[in-house]
Amino acid sequence: MMRVKISNIGGIAGPLDIEINKGVNVYTAPNAYGKTSLSRAMVSMLTSEIKPEDLLNVFSDSGYIEVRYNDKEYYRRIRRVKNKIAENAKLIMDDKRALLLSFFSPENKLLNQILGGQEQIEWFISTTAEIDKIKQIRTNVDERLKILKEEHEELKGKYKDAVTIQAEIRTIENEIEMLKKETESDRLINSTTQSISVTRQNKLAELNSKIEQKKKELLDLQTKHTKLELEIQQKESMIRPETKKIFEDQLNQINEELQRKSSLKNETEIGIRVLERVLDEIKDAEKSHLDTCYVCGSHVDPEIWRTRVDVISSELRMRRNSFESVKMEIDEMLKKRDELSKKLSEFENIKNEVARLKTKKQELLNRMESVKEQIGELERTEKGDGRQV
């Protein structure tokens with residue numbers, strides 16, 4: 001069982017104390033009696049996406065939502081201090097997906113899409129299940145696995161070269177031992193000397209071939225490094241701090257304007273409800289031909305009720321038109337806010353990509369240094385063998 005206490009939240013002006021049992025709970029009430037405010041209050045305990053300024057009753061300086069669930073206390077306590085909203089909150093959870101899964105109203109994106117006849121809701125499943133996040137993790141793992149495979153292949157090649165060189169060294173050492181044993185014969189010495197000379201010449205040719213291969217490998221690495229450097233410069237030019245500052249300033253301006261428009265919307269909505277109620281009472285008075293004002297008790301000409309109905313109806317139309325206009329402005333600003341948020345997200349993605357490219361660049365530099373050392377070692381070996389020939 002869950003106990004919920006609400007006061008001065010949305011259209012709920014007075015204290016409300018209810019119990020919600022496990023399973024399906026149904027609450028019925030006439031229009032403008034606070035059903036939507038109750039739903040929004042309960043969903044606001046699951047996500048901070050519903051801001052305190054969108055919860056507090058526009059005519060109140062303080063309000064609260066208090067929930068006791070599983071013997072634990074949760075709350076959102078809101079105060080208006082010098083035209084600013086302050087809040088002290090302890091939520092049951094904080095997940096923006098709660099807006100999609102729990103709060104069905106004309107403002108809900110999923111509900112609007114279904115009522116509009118659009119059946120493609122893969123985005124809803126993707127958002128609530130965090131599929132995009134899992135896909136990104138999978139992509140990162142695949143990229144890392146690819147790098148590890150490349151490094152593994154490179155190490156296999158180096159190991160193969162080392163084994164080959166060790167075998168060649170052992171062969172040469174065996175040949176030298178054989179030559180030492182054959183020094184008793186001049187013929188054998190001359191023959192052996194000639195054989196060694198040929199072997200060293202072959203070795204020099206082989207060393208020259210390896211040096212050329214390593215130089216080609218080094219040139220290829222340098223070309224990749226140059227391309228990578230240009231790509232990094234290009235992406236860094238896209239993430240200048242001043243560009244991000246412009247996006248953030250625009251986003252802050254839109255959020256401030258959204259707050260103002262939301263307050264105006266709530267005020268207009270409350271005014272419409274008040275006028276609707278007054279209009280209903282005046283219409284009832286007209287039908288009953290009352291000759292006494294139900295507000296002040298003074299005598300009233302029954303014909304005056306029609307005039308009052310016309311005046312209030314006109315005012316109500318104006319208020320409704322104003323409400324729709326503000327609502328359209330809010331929708332447009334929400335679209336602009338989403339666009340700016342997307343740009344800032346792309347900004348961070350490019351920033352992360354630059355960091356990844358810089359890491360790859362450092363890896364290329366390390367490999368280039370390794371190849372240079374190998375070339376140097378082979379050239380020193382070639383010079384030593386050349387002097388012996």
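In what follows, every heavy atom counts, from backbone to side chain, and hydrogens, waters and symmetry copies are set aside.
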Can you list the steps and then say if Asn366 with Gln362 is a side-chain hydrogen bond (donor to acceptor under 3.5 Å, both in side chains)? CA-CA 6 Å; Asn366 294 338; Gln362 186 58 48; 3.2 Å; yes
Is the terminal nitrogen or CZ of Arg77 (NZ for Lys, CZ for Arg) located under 6.0 angstrom from the six-membered ring centre of Tyr75 and within 45° of that ring's axis? yes
Evaluate the side chain to side chain contact (heavy atoms under 4.5 Å, CB included) criterion for residues Val274 and Glu276: first the C-alpha distance (whole Å), next the side-chain angles of each, then the deciding distance (0.1 Å), finally the verdict. CA-CA 5 Å; Val274 172; Glu276 287 175 342; over 6 Å; no
Return yes when atom CE of Met93 has more than 12 non-hydrogen atoms of other residues, nucleotides or ligands closer than 6.0 Å, and no otherwise. yes
Same apolar cluster (I L V M F W Y, side chains within < 4.5 Å links), Val311/Leu316: no
Lys210 atom NZ: more than 12 heavy-atom contacts under 6.0 Å: yes
Val43 reachable from Leu38 in the ILVMFWY side-chain graph, under 4.5 Å edges: yes
So if you build clusters from Ile, Leu, Val, Met, Phe, Trp, Tyr with side-chain heavy-atom gaps below 4.5 Å, do Leu99 and Ile330 land together? no
Quick one: closest heavy-atom pair of Arg319 and Thr268, and the distance? O-CG2, 3.4 Å
Give, for atom CD1 of Ile211 and atom CG of Leu218, the distance between the pair rounded to the nearest 0.5 Å. 13.0 Å
Given Asp220 and Lys224, is the salt bridge (charged side-chain N to carboxylate O under 4.0 Å, His left out) satisfied, shown in steps? CA-CA 6 Å; Asp220 182 60; Lys224 290 181 180 179; 3.7 Å; yes
Are Val326 and Met318 connected in the hydrophobic side-chain network, where two residues link if heavy atoms are under 4.5 Å apart? no
Given Ser7 and Leu16, is the side chain to side chain contact (heavy atoms under 4.5 Å, CB included) satisfied, shown in steps? CA-CA 6 Å; Ser7 177; Leu16 175 65; over 6 Å; no
In terms of side-chain geometry, is the basic nitrogen of Asp331 or Lys335 positioned less than 4.0 Å from the acidic oxygen of its partner? no
Value rounded to 0.5 Å, distance of CD in Glu269 from OG1 in Thr36: 8.0 Å
Cationic N near anionic O, under 4.0 Å, Lys96 to Glu49: no
Student check: side-chain heavy atoms of Glu348 and Lys351 closer than 4.5 Å: yes
May I ask you to decide whether Lys156 forms a salt bridge with Glu153, counting only side-chain N to carboxylate O separations under 4.0 Å? yes
Within one Ile-Leu-Val-Met-Phe-Trp-Tyr cluster: Met45 and Tyr64, side-chain cutoff 4.5 Å: no
Taking atom CG of Asn31 as the centre, report whether more than 12 heavy atoms of other residues, nucleotides or ligands fall under 6.0 Å from it. no
Under the criterion salt bridge (charged side-chain N to carboxylate O under 4.0 Å, His left out), I'd like the reasoning laid out for Glu346 against Lys343: C-alpha separation, chi angles, the key distance, then a yes or no. CA-CA 5 Å; Glu346 292 173 351; Lys343 289 180 179 179; over 6 Å; no
With side-chain hydrogen bond (donor to acceptor under 3.5 Å, both in side chains) as the test, would you mind laying out the steps for Thr47 and Asp95 before giving the verdict? CA-CA 5 Å; Thr47 173; Asp95 191 334; over 6 Å; no
Within 6.0 Å of NZ in Lys261, more than 12 heavy atoms from elsewhere: yes
Here the pair of heavy atoms bringing Asn266 nearest to Glu53 is ND2-O, 4.4 Å
Is atom CZ of Arg79 surrounded by more than 12 heavy atoms (other residues, nucleotides or ligands) closer than 6.0 Å? no
Kindly indicate, with the supporting measurements, whether the criterion side chain to side chain contact (heavy atoms under 4.5 Å, CB included) is fulfilled by Lys235 and Glu353. CA-CA 8 Å; Lys235 290 186 179 297; Glu353 178 67 10; 3.8 Å; yes
Take Glu236 and Lys358, measure what salt bridge (charged side-chain N to carboxylate O under 4.0 Å, His left out) needs, and give me the verdict at the end. CA-CA 11 Å; Glu236 284 182 334; Lys358 286 183 176 180; 2.9 Å; yes
Locate the shortest heavy-atom distance separating Ser44 from Leu91; write the atom from each residue and the value. O-CD2, 3.6 Å
Carboxylate-amine/guanidinium proximity below 4.0 Å for Glu248 and Lys245: no
Is it true that Arg260 and Glu257 have a side-chain N and a carboxylate O under 4.0 angstrom from each other? yes
CG/Asn70 to CE/Met1 distance, rounded to the nearest 0.5 angstrom? 11.0 Å
Passing option when Glu87 is tested against Arg76, Lys51, Arg80 for salt bridge (Lys or Arg N to Asp or Glu O under 4.0 Å): Arg76
Taking atom CD of Glu19 as the centre, report whether more than 12 heavy atoms of other residues, nucleotides or ligands fall under 6.0 Å from it. yes
Checking Ala29 now: which residues fulfil side-chain contact (heavy atoms from CB on, under 4.5 Å) with it, not counting sequence neighbours? Tyr33, Lys35
State, to 0.1 Å, how close Lys214 and Asp161 come at their nearest heavy-atom pair, and which atoms those are. NZ-OD2, 4.5 Å
For the residue pair Leu344 and Phe247, what are the closest heavy atoms and their distance? CD2-CB, 3.6 Å
Taking NZ, NE, NH1 and NH2 as the nitrogens, is one of them in Glu154 or Arg367 under 4.0 Å from a carboxylate oxygen of the other? yes
Taking all heavy atoms of Ile254 and all of Arg337, pick out the closest pair and write down the distance. CG2-CB, 3.9 Å
